[in-house]
Protein chains: 2
Amino acid sequence: MTARGGIDLGGTKIQAVVVGEDHEVLGQARRPTPTTGGPQDVADAMAGALGDAAEAAGVRTKALGGVGAGSPGIVDAGAGTVSGARNLPGWEGTFALGDALSRALGCRVALGNDVQVATDAEFALGVGRAYHSLLGVFWGTGVGGGIVLNDEPWLGRGAAGEIGHVVIERDGLRCPCGRRGCMEAYAGRGALEIRARKLEAKGEKTKLFKLMEEHDRPRLTSGIWARALDQGDKLATSLIDEAIAALGVGVASVVNVLDVEAVVLGGGMGVRFGEPFADRIREAMAPHLFSSDNPPVFEIAALGDLGGAIGAAMLVA
Amino acid sequence: MTARGGIDLGGTKIQAVVVGEDHEVLGQARRPTPTTGGPQDVADAMAGALGDAAEAAGVRTKALGGVGAGSPGIVDAGAGTVSGARNLPGWEGTFALGDALSRALGCRVALGNDVQVATDAEFALGVGRAYHSLLGVFWGTGVGGGIVLNDEPWLGRGAAGEIGHVVIERDGLRCPCGRRGCMEAYAGRGALEIRARKLEAKGEKTKLFKLMEEHDRPRLTSGIWARALDQGDKLATSLIDEAIAALGVGVASVVNVLDVEAVVLGGGMGVRFGEPFADRIREAMAPHLFSSDNPPVFEIAALGDLGGAIGAAMLVA
């Protein structure tokens, strides 16, 4: 079996890997997700990241057995298209991402849902190996959910797992999706940045945007949030406290519905903040769990930041 | 195949049926659920109701091929026990309901979860026949959920489907389960009665309790609520309006997670209020559905009030 490629298209960054027969990482690379332009610009950045990963692995992309890409939005794997990827620039419509990548890379390309491939990777190779049912909670630009039941992904009619849009507060904050009170409105990195900007504009003090400029970031990345927390920034602390409370309520609600064996926390924010924050989310869930004496196992994604890209490469295994 | 019995143990009433080979109802009877005493008193009333149904069907309970019973609380079907049935009198602990019924009826007895057997019945015989995935929403004393995915019940680790305890409002109203902000705290008949009593005690005017006495009911049954609404009772109207809004938010959240093909509304309140209220719940869901252009089918349980009992009889089919 030849090497394969995997690309995880996130709202903030594009992570690419080249993996070998046993899913071992032979090379990896990362590029920021374009904030302007359109889907073709994003596809170019994806192909560029995979090219870098292939170079690191010492292979040419043409020689790969295939490349899988995990994308947000509505993924039509059969047609090779992605529609309505709201967190990406100019991607309200439908774009033939599979063809665009295939042309640029010179090999076959398969598409999947970003959150589901990351969940599948954790299920097959990471924390989930020990379980038959799993909820993946991907806390990043948005809050995505991946579901495995009876050892199989549960996709519903193609849109299952939208845990970020579980309502935790009726008539609550406006979510980037346009609705009100969604968990993502309180916890998503994108929503947190919008709130931080508004609160700063209203006169609240914060180091967040100064840190962003100092570190030459186009956005409040999870690293910037972590730095602000380390420096005791009050606004950042209170917003992250609220995000954790929201994750506790929303994830507990989903557990009350699914009663899965394990919850796996991943995503840029989830992986960056790590164990102490996982503990806090676990504590925030406790008061809302119906089977309070039988909570699910709650662990951080074992594959860390690379899980999405490794899971994407599994699409062409 | 001989006739079988089914008993649906609800928080307000016990519904019993005797069914034939094709699940056709040969006899039915109903008794109020005891409000005082303990599990043995409830078991006696269940046996009494099934005896009445058998008499109506012209058979002796001893001659039945078996009796199934759907119960709230934690049902251990193997052990024949029910634990922690909060909506029933003195049933915090564990009671051997299977043995108690078997002794009284002179035939074998199988137990199941009340909501799940009702969902299974709708799936096999009712609205759900056309679908492969289904969410049953049982709006009665509490709000229960039954889940069918890929043509199979999804039970999780035994406690899946607790949709009544999806949080719709952080730090919201106290739920009968002791937690805060659960959908059931706003929509369950039991919670609504507690709220109505408190509001009346604070001086709000309502005909609810007068109607209850006039119709010699021990509780605010769904029929009493319906009468109060018909008479334009302001308090009843505002509480039911809030219940519908809560059901809209909570059921939409669950649909965002599961993306099922169909939602079936059952339970004492759901069946009694019928189509106009189902329309209102459907409308209340709409603003919170993530796949707003692809909502699930939303229908009232085709088996109506008898679905739980018919589903229970399927346990011994």
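Here is the naming used below: chain letters follow the sequence lines, and residue numbers restart at 1 for every chain.
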Please say which of A/Val249, A/Ile168, A/Val166 ends up in a side chain to side chain contact (heavy atoms under 4.5 Å, CB included) with B/Val167. A/Val249
Could you tell me whether a side-chain N or O of A/Asp259 sits under 3.5 Å from a main-chain N or O of B/Gly161, the two making a donor and an acceptor? no
Considering only heavy atoms, which portion of B/Ile74 lies under 4.5 Å from any heavy atom of chain A: side chain, backbone, both, or neither? neither
Cut-off 4.5 Å, heavy atoms of chain A, and the answer for B/Asp171 is neither
Which atoms of B/Leu149 are under 4.5 Å from chain A, going by heavy atoms: the side chain, the backbone, both sets, or neither? both
Max heavy-atom pair count under 4.5 Å with chain B, selected residue of A/Ile163, A/Leu135, A/Asn150, A/Val255: A/Asn150
Contact between A/Trp154 and B/Ser133 at the side-chain level, heavy atoms closer than 4.5 Å - yes or no? yes
NE2 (A/His288) and CZ (B/Arg180) are apart, to the nearest 0.5 Å, by 10.5 Å
Out of B/Cys175, B/Gly181, B/Pro295, return the one with the most heavy atom pairs under 4.5 angstrom to chain A. B/Pro295
Among B/Gly158, B/Pro287, B/Ala160, the residue with the most heavy-atom pairs under 4.5 Å to chain A is B/Ala160
Check each atom of B/Leu155 against the heavy atoms of chain A and say whether the ones under 4.5 Å are side chain, backbone, both or neither. backbone
Could you check if a side-chain atom of A/Pro296 sits within less than 4.5 angstrom of a side-chain atom of B/Arg157, using non-hydrogen atoms only? yes
I'd like to verify something: which residue of A/Cys177, A/Ala159, A/Gly145 has the highest number of heavy-atom pairs under 4.5 Å with chain B? A/Ala159
Side chain to side chain contact (heavy atoms under 4.5 Å, CB included) between A/Ser292 and B/Arg179, intermediate numbers included: CA-CA 11 Å; A/Ser292 50; B/Arg179 296 173 191 83; 3.7 Å; yes
Flag, side chain of B/Arg170 to backbone of A/Ala245, donor-acceptor distance under 3.5 Å: no
